[in-house]
Amino acid sequence: MKNEFQTWTIAVALAALTACGDRTEQVNYLKDAPVVATRVMIDGEEMIELDPSLLKDTVIFPLSYFTEELEIIKLDERDEALTGAPYAYVSDHHIMTGMVNNIPFKLFDRKGKYIADVGNIGQGPGEYRFIYAAKIDESTQRIYMLPFFGKELLVYDFRGNICPPVPLVHEGIVAQFALRGDTVVILGSPQPNKFASCVWMQDLKGNLIHEFPTDRLDFDFRGVTVNSQQNTERIDFSFWIPKAQLDSLYEVNLEKGELIPRFTAHFKGEALKPHMYGEFPDHYVGEATGQWIQSKTDDGNIQRRIAGDLPTYYIVDKQTLRGAYFGIENDFLDGERLEMPLGLNYGYYMTCLEPNALSERIEKALRSDHLTEQMRKRLTEVQAGLTENDNNYLLYAKLKRR
């Protein structure tokens, strides 16, 4: 499908902006894109509906359009700090790398100094094997993890010690979650034969506060992937459903106590395939084609592979309703295309790289002429101190809130 679309070149614009030292703030990459969506009212609330047939060209965005400057953190190289995890979580003051093989989650400060292992891999109290979602909460100085089909939120302090868990009102679901003060909102896979609602708010002692009506979610939950990017102040909620059907990205509205549909793509006929939605601060995004199959590896990580056609991603401006197919290139580094442009979550772009992989990408970047002087200096500094025996490096950039 990608070959059928014209790719809009951005090299000249990038070069001009780089020379000025202000990367992409003033560029509207969708200025000439067509209006591809309309605003409709559903139960008194506005929803944006995309007509995928109106998507024409492909726009390649630089990562810097969506984020602040890229940070490169060398993680502590003490033996107890070593991790091969390809992903991490970032908060205002901490970094937590994911689990991989038999290596547990590890907590670092924002400078990469190792603090502690967070719990342990196993099947005992406070131990884990398969984690679906995790959060670092600076306000309570706690780390929360939700296992696959769990019955409780696992809780740890900032020394990695096990704390009393949070019992779940409903057990045995695959879920994301969002923390709001001393409450937690659970966003689960629909299971109509077990309980009426898959979205609820509860306190940290396990007491139900409110169940959100989820009668709109009428589908077979088996194989469903729950998605909540939480890149804005509101809590978004959507799915990847194996059986293709029309659905929406919802806002979990805490004031009204309802799920409010905010975005949908009206695929028609054979164009309707399994798909996924996401939300950036100023855009809705989605996967237009392709079928992702998700499974767990033996070490507990989530593995996603493509069956059939390669996915094609689209983006819609929330204000102008202009949109296009799109990709994202990491202009901070070597211009490499992000494999999953929807993969900006919890307000950050982030990835972990082994030293050899980072070294190769830095060498490629330094041969290009698109870097700012500040980024070229930073990459040169990292390259000078990089050895093949280093721990992983974390690369992250915070999403802009315009």
Side-chain angles (χ1 to χ4, degrees), residues 23 62-64 66-118 131 134-136 143 158 160 297 299-303 328-341 343-368 370-399:
R23 301 186 70 93
L63 180 59
S64 60
F66 299 106
T67 72
E68 299 173 1
E69 283 296 313
L70 182 72
E71 301 288 341
I72 303 177
I73 305 297
K74 179 180 179 180
L75 298 179
D76 200 324
E77 55 191 21
R78 286 177 286 172
D79 289 345
E80 59 268 33
L82 296 179
T83 173
Y87 66 100
Y89 302 86
V90 177
S91 66
D92 288 343
H93 304 294
H94 293 87
I95 294 164
M96 184 173 70
T97 55
M99 63 176 290
V100 60
N101 299 322
N102 288 317
I103 301 174
F105 290 83
K106 293 179 179 286
L107 188 67
F108 302 79
D109 67 19
R110 281 285 285 264
K111 294 183 179 180
K113 181 180 178 182
Y114 172 74
I115 297 174
D117 285 6
V118 182
I131 297 297
K135 296 281 194 308
I136 304 170
I143 294 165
F158 280 3
T297 60
D299 56 21
N301 290 308
I302 298 175
Q303 174 178 278
I328 300 177
E329 290 182 345
N330 190 342
D331 58 314
F332 292 114
L333 196 54
D334 54 2
E336 183 172 302
R337 188 80 60 87
L338 301 193
E339 181 181 357
M340 290 183 61
L344 308 180
N345 296 297
Y346 309 133
Y348 286 92
Y349 158 80
M350 66 188 78
T351 188
C352 290
L353 293 176
E354 296 180 348
N356 288 340
L358 179 59
S359 178
E360 292 176 1
R361 295 189 62 178
I362 288 177
E363 288 179 6
K364 179 181 177 181
L366 292 177
R367 290 196 297 268
S368 73
H370 73 269
L371 295 175
T372 63
E373 287 305 312
Q374 178 181 353
M375 201 64 211
R376 184 175 296 277
K377 179 180 178 181
R378 177 61 180 139
L379 293 179
T380 302
E381 291 172 349
V382 172
Q383 185 186 50
L386 195 153
T387 73
E388 63 180 11
N389 296 320
D390 288 344
N391 198 357
N392 275 14
Y393 284 73
L394 173 66
L395 285 65
Y396 72 88
K398 191 171 186 178
L399 294 188

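Excluded from the calculations below are hydrogen atoms, water molecules and symmetry mates; all remaining heavy atoms, backbone and side chain alike, are included. Residue indices begin at 1 and follow the sequence shown.
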Determine, step by step, whether Leu75 and Tyr114 satisfy the side chain to side chain contact (heavy atoms under 4.5 Å, CB included) criterion, reporting the C-alpha distance in whole Å, the side-chain angles of both residues, the deciding distance to 0.1 Å, and the verdict. CA-CA 7 Å; Leu75 298 179; Tyr114 172 74; over 6 Å; no
So, does [X] use its side chain to make a donor-acceptor pair with the main chain of [Y] at under 3.5 Å?
X      : Y      : answer
His370 : Leu333 : yes
His94  : Leu107 : no
Asp76  : Gly112 : no
Asp109 : Lys111 : yes
Asp390 : Lys74  : no
Arg361 : Glu336 : no
Arg376 : Leu366 : yes

Note: Glu68 and Ala397 closest approach over all heavy atoms is O-CB, 3.6 Å
Gly84 to Val100 - nearest heavy-atom pair and separation: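 Taking every non-hydrogen atom into account, C-CG1, 3.7 Å.
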Using a 4.5 Å cut-off on heavy atoms from C-beta on, say whether the side chain of Met375 contacts that of Leu70.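 Yes, their side chains come closer than 4.5 Å.
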Side chains of Lys398 and Glu71: does their closest heavy-atom pair fall under 4.5 Å?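 No, side chains not in contact.
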Tell me, with the steps shown, if Ile136 and Phe158 meet side chain to side chain contact (heavy atoms under 4.5 Å, CB included). CA-CA 9 Å; Ile136 304 170; Phe158 280 3; 3.8 Å; yes
For the residue pair Asn392 / Thr83, report whether a side-chain donor-acceptor contact shorter than 3.5 Å exists.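 Their side chains do not contain a donor-acceptor pair, so the 3.5 Å distance test is not met.
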To the nearest 0.5 Å, how far apart are CZ in Phe66 and CD1 in Ile328? 4.5 Å
Would you please test Gln374 and Thr372 for side chain to side chain contact (heavy atoms under 4.5 Å, CB included) and show each step? CA-CA 5 Å; Gln374 178 181 353; Thr372 63; 4.0 Å; yes
Using 30° and 60° as the class limits, which term best fits the ring planes of Phe105 and Tyr89: parallel, tilted or perpendicular? tilted
Can you tell me if Glu381 has over 12 outside heavy atoms packed within less than 6.0 Å of its CD? yes
Step-by-step side chain to side chain contact (heavy atoms under 4.5 Å, CB included) determination, Arg378 to Phe332: CA-CA 10 Å; Arg378 177 61 180 139; Phe332 292 114; over 6 Å; no
